[in-house]
Amino acid sequence: MTSTVSTALDLRFTISLPSDSKKPSFLSSPLRLSTKRFTVFCKSPSEIAEPRQNPSLSDQLKPLSLTLLSDTKDQQPQPTLLSKPKSTWVNPSKPKRSVLSLQRQKRSSHSYNPQLRDLRLFAKKLNGCEPTEAAFSVALEEIPHPPTRENALLILNSLKPWQKTMLFFNWLKTQNLFPIETIFYNVAMKSLRFGRQFELIEELAQEMINNEVELDNITYSTIITCAKRCNLFDKAVEWFERMYKTGLMPDEVTYSAVLDVYAELGKVEEVLSLYERGRASGWKPDPIAFSVLGKMFGEAGDYDGIRYVLQEMKTLGVAPNLVVYNTLLEAMGKAGKPGLARALFEEMVAAGLTPDEKTLTALVKIYGKARWGRDALQLWERMRSNKWPMDFILYNTLLSMCADLGLEEEAERLFEDMKQSEQCSPDSWSYTAMLNIYGSAGKVDKAIELFEEMSESSVKLNVMGCTCLIQCLGRAKRIDDVVRVFGISIGRGIKPDDRLCGCLLSVVSFCEEDEDVDKVLSCLEKANAKLVAFVKLLRDEEANFDKIKQDLRMILNEAVVEARRPFCNCLIDICRNRNLHERAHELLYLGTLYGLYPGLHNKTEDEWSLNLRSLSVGAAYTAFEEWMGSLSKIMERQEALPEVFSAYTGSGTHKFSQGLASTFASHLEKLAAPFTQSEEKAGCFVATRDDLVSWVQSRVPPPAVGA
DNA sequence: CTAGGGTTAG
């Protein structure tokens, strides 16, 4: 078992596989080795102070990019990442400049402080007092030992939130007992970073500059990561630039913090250039740096990049730790490689690492997305038997996976486990997953029971749970319950979103009685009045096509992208149920016009096909009619026809999916259309030209004379 | 435990 797994992984290192990831790989990107300057590096220098003018990073990197580019001119276009970084570009007469210090900044060592207990207790008191200057001053008088440098540091380090830290720090400055050195600023900044107070951090940094207190790597990395946490990426880069200009070389901690800044900005080229430049300076990156790279490639869905990270670690003899594995697993999932994620996981276990909650969450998510039910359940068994750690996120991910795979019993067992457990009791996410499962399975009573249970407990219903429940009630045609649940939900503060509106709209399409339609529409009225007005407009025979077009366009524009096609599908279904076939055809036309049904119809010389996979039942019927209608016109014009006609409904991989295939099959049967279901491909209906032509002729009366 | 970098949910 273990050896097979590692072989599988080894193969990936040695064989150059073609890239099949959906997103373009940086390998194929022409930008990768380009001279593109780092525009963020070219900002005007910081206004804060005048640093000594050392060459900026962009200047330092220029020779690199130029040599790299000229180097590639001789090569074939695709440099392989699996080879070691080339060193041929180094010109021995011009020694390359280093971009980072290989020595990590040393921390000062602390000797044991015998007054530690007292001071901690005192810090706790300060933390607990009123957050006013007055209250703080009073509390300060109870200081148990004189605020020597060491004692002050210890207290400063124990204060939170940042307001308290600042009060103490400012008090300390007024005491004039000893010079306030770098470490004091660093400790204060750490607390400010926790409170995301970037402005204050910058103020402190300015104060350091003014007072000629040295800014060291710890100062810079704290400033940079605070900027990052506050999403002030420009600031992060600006401070990184600054340190070069003041003549300070980043060490690997600062350097990898900056790699992460660029990675979060999606600047893959810049990260790789910095990485390679660091490597060329003799840097042996540690697992944290690799984790940054791995995450970046995951975000880009770049499988080749992930392989590159694994290969680099192998080449440099860096063993992945748990976080690196977790990051790479997540990345494999994002790159759509469930099999390789599984192999990597086995490698990790074989290496003696114990997976944690994050590892397992990543893997469960991947198996769920890949619809690998067996793997997911086996993993769950292993989790239980090995007593691997569980937390509520993992539980909820397992529940969502069950919802995706239709594993009702397993979900119930998990849900019960959660109720038993102390730390992982079900929250609104767990309830939503269960409502999703019962809703999809059509277990109306169980779904309602959950809903009642939530009302009694302190778990709040969310909009998705509400949507699942209403969908379930709608399918069961329990219209009064739909209205009741909707009313209660609004009362509990649910803000209807476009999905919920789409769900109500689909309930309208299920309604058989006018009375029921009106009930549901009056719910929908509270969430989206324009949509209701449009439904009413559809019934109005006076309404002309342009009016329909204009209003539909407005409604679709105001809806989130993922709700637009469901809206259109439901509206078509409603028209068909109300015998408004003309309108249904108009809506399908408009939906196609607005790009909701891309690739609906495909023509090749040999085959014309209709792709119905994203259509509702009514929309699919409408599209089929449209297709046959245009076929008959083409026949009238005696134009060339292909041998084969096919219609795809999809086979519905989702266990609970309603299955357009079977509905469509009986529809075709009723029409006596000569389509037969393909044996090789589920959900594919095929007809030959001759059969179809004679069927169309038999249905369509010859055109009236003069028409 | 006493100054800095990386990882979990529709």
Side-chain angles (χ1 to χ4, degrees), chain A residues 104-113 116-117 119-120 123 150-159 165 181-193 215-226 228-229 236 250-261 263-264 285-296 298 320-331 333 355-366 368-369 389-401 403-404 427-430 432-433 435-436 462-465 467-468 497 499 562:
Chain A
R104 192 187 282 217
Q105 184 182 321
K106 294 267 190 302
R107 295 174 174 218
S108 51
S109 57
H110 283 271
S111 51
Y112 174 73
N113 190 330
L116 187 136
R117 265 184 64 95
L119 292 167
R120 293 226 132 221
E150 270 64 39
N151 289 348
L153 255 183
L154 211 149
I155 294 167
L156 193 64
N157 225 322
S158 319
L159 291 176
T165 312
E181 303 156 46
T182 306
I183 188 169
F184 284 90
Y185 282 95
N186 290 350
V187 171
M189 282 185 181
K190 178 184 152 193
S191 175
L192 288 171
R193 188 186 63 173
L215 283 77
D216 62 12
N217 256 288
I218 296 177
T219 321
Y220 279 108
S221 59
T222 309
I223 297 172
I224 289 166
T225 52
C226 179
K228 190 171 76 184
R229 274 178 215 184
D251 66 6
E252 75 170 329
V253 175
T254 315
Y255 204 69
S256 52
V258 167
L259 285 184
D260 194 44
V261 169
E264 287 213 19
D286 67 359
I288 295 182
F290 286 118
S291 165
V292 168
L293 292 186
K295 186 187 172 194
M296 172 183 76
N321 64 15
L322 185 58
V323 177
V324 171
Y325 273 117
N326 289 351
T327 313
L328 290 176
L329 280 172
E330 179 102 344
D356 68 1
E357 296 89 335
K358 291 171 186 172
T359 323
L360 298 165
T361 300
L363 210 53
V364 168
K365 221 172 100 185
I366 289 168
K369 218 171 91 185
M390 297 279 286
D391 65 4
F392 77 103
I393 294 182
L394 178 52
Y395 266 115
N396 284 342
T397 308
L398 279 163
L399 281 177
S400 301
M401 183 270 297
D404 286 339
D427 65 354
S428 70
W429 202 296
S430 331
T432 301
L435 283 170
N436 191 2
N462 63 26
V463 65
M464 185 180 170
T467 305
C468 292
D497 61 4
R499 282 168 198 262
E562 64 267 24

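Just so it is clear: chains get the letters A, B, ... in the order the sequence lines come, proteins before strands, and each one is counted from 1.
Every residue two or more places apart in sequence or in another chain that forms a salt bridge (charged side-chain N to carboxylate O under 4.0 Å, His left out) with A:K228 is listed here: A:D260. Residues passing the side-chain hydrogen bond (donor to acceptor under 3.5 Å, both in side chains) test with A:N151, sequence neighbours excluded: A:N113, A:Q115, A:T148. For the salt bridge (charged side-chain N to carboxylate O under 4.0 Å, His left out) test, residues two or more places apart in sequence or in another chain that qualify with A:R499 are A:E562. In terms of the side-chain hydrogen bond (donor to acceptor under 3.5 Å, both in side chains) criterion, residue partners of A:S430 (sequence neighbours excluded) are, by chain and number, A:N396, A:D427. Remark: A:D286 engages A:R104 in a salt bridge (charged side-chain N to carboxylate O under 4.0 Å, His left out) (not counting sequence neighbours).
Across all strands, A:D260 comes closer than 4.0 Å only to sugar-phosphate atoms, never to a base (heavy-atom distances). Within 4.0 Å (heavy atoms only), A:V323 reaches at least one base atom of the nucleic acid. Looking at heavy-atom distances under 4.0 Å, A:R229 makes contact with sugar-phosphate atoms alone, never a base. Note on A:S256: a base of the nucleic acid sits closer than 4.0 angstrom, heavy atoms only. Residue contacts for A:F184: at a heavy-atom cut-off of 4.0 Å it reaches no nucleic acid atom on any strand shown. Counting non-hydrogen atoms under 4.0 angstrom, A:K369 reaches nothing in the nucleic acid. Nucleic acid contact for A:E150: none, since no nucleic acid atom lies under 4.0 Å from a heavy atom of the residue. A:N321 comes within 4.0 angstrom of a nucleotide base, judged by non-hydrogen atoms across all strands. Using a 4.0 Å heavy-atom criterion, one finds that A:N217 contacts the bases of the nucleic acid, with or without backbone contacts as well. Among the heavy atoms of the strands, none lies under 4.0 Å from A:S158. Nucleic acid contact for A:L116: base, since at least one base atom lies under 4.0 Å from a heavy atom of the residue. Looking at heavy-atom distances under 4.0 Å, A:T219 makes no contact with the nucleic acid at all. Nucleic acid contact for A:R120: base, since at least one base atom lies under 4.0 Å from a heavy atom of the residue. Residue A:T359 is out of contact with every strand shown, counting any heavy-atom pair closer than 4.0 Å.
Running 5' to 3' along DNA chain B, contacts with non-hydrogen atoms of chain A at under 4.0 Å begin and end at B:dC1 to B:dG10.
Once rounded to the nearest 0.5 Å, the distance linking CD1 of A:I224 with OG1 of A:T254 reads 6.0 Å. Interatomic distance, CG of A:L154 versus CG of A:L119, reported as 5.5 Å (0.5 Å rounding).
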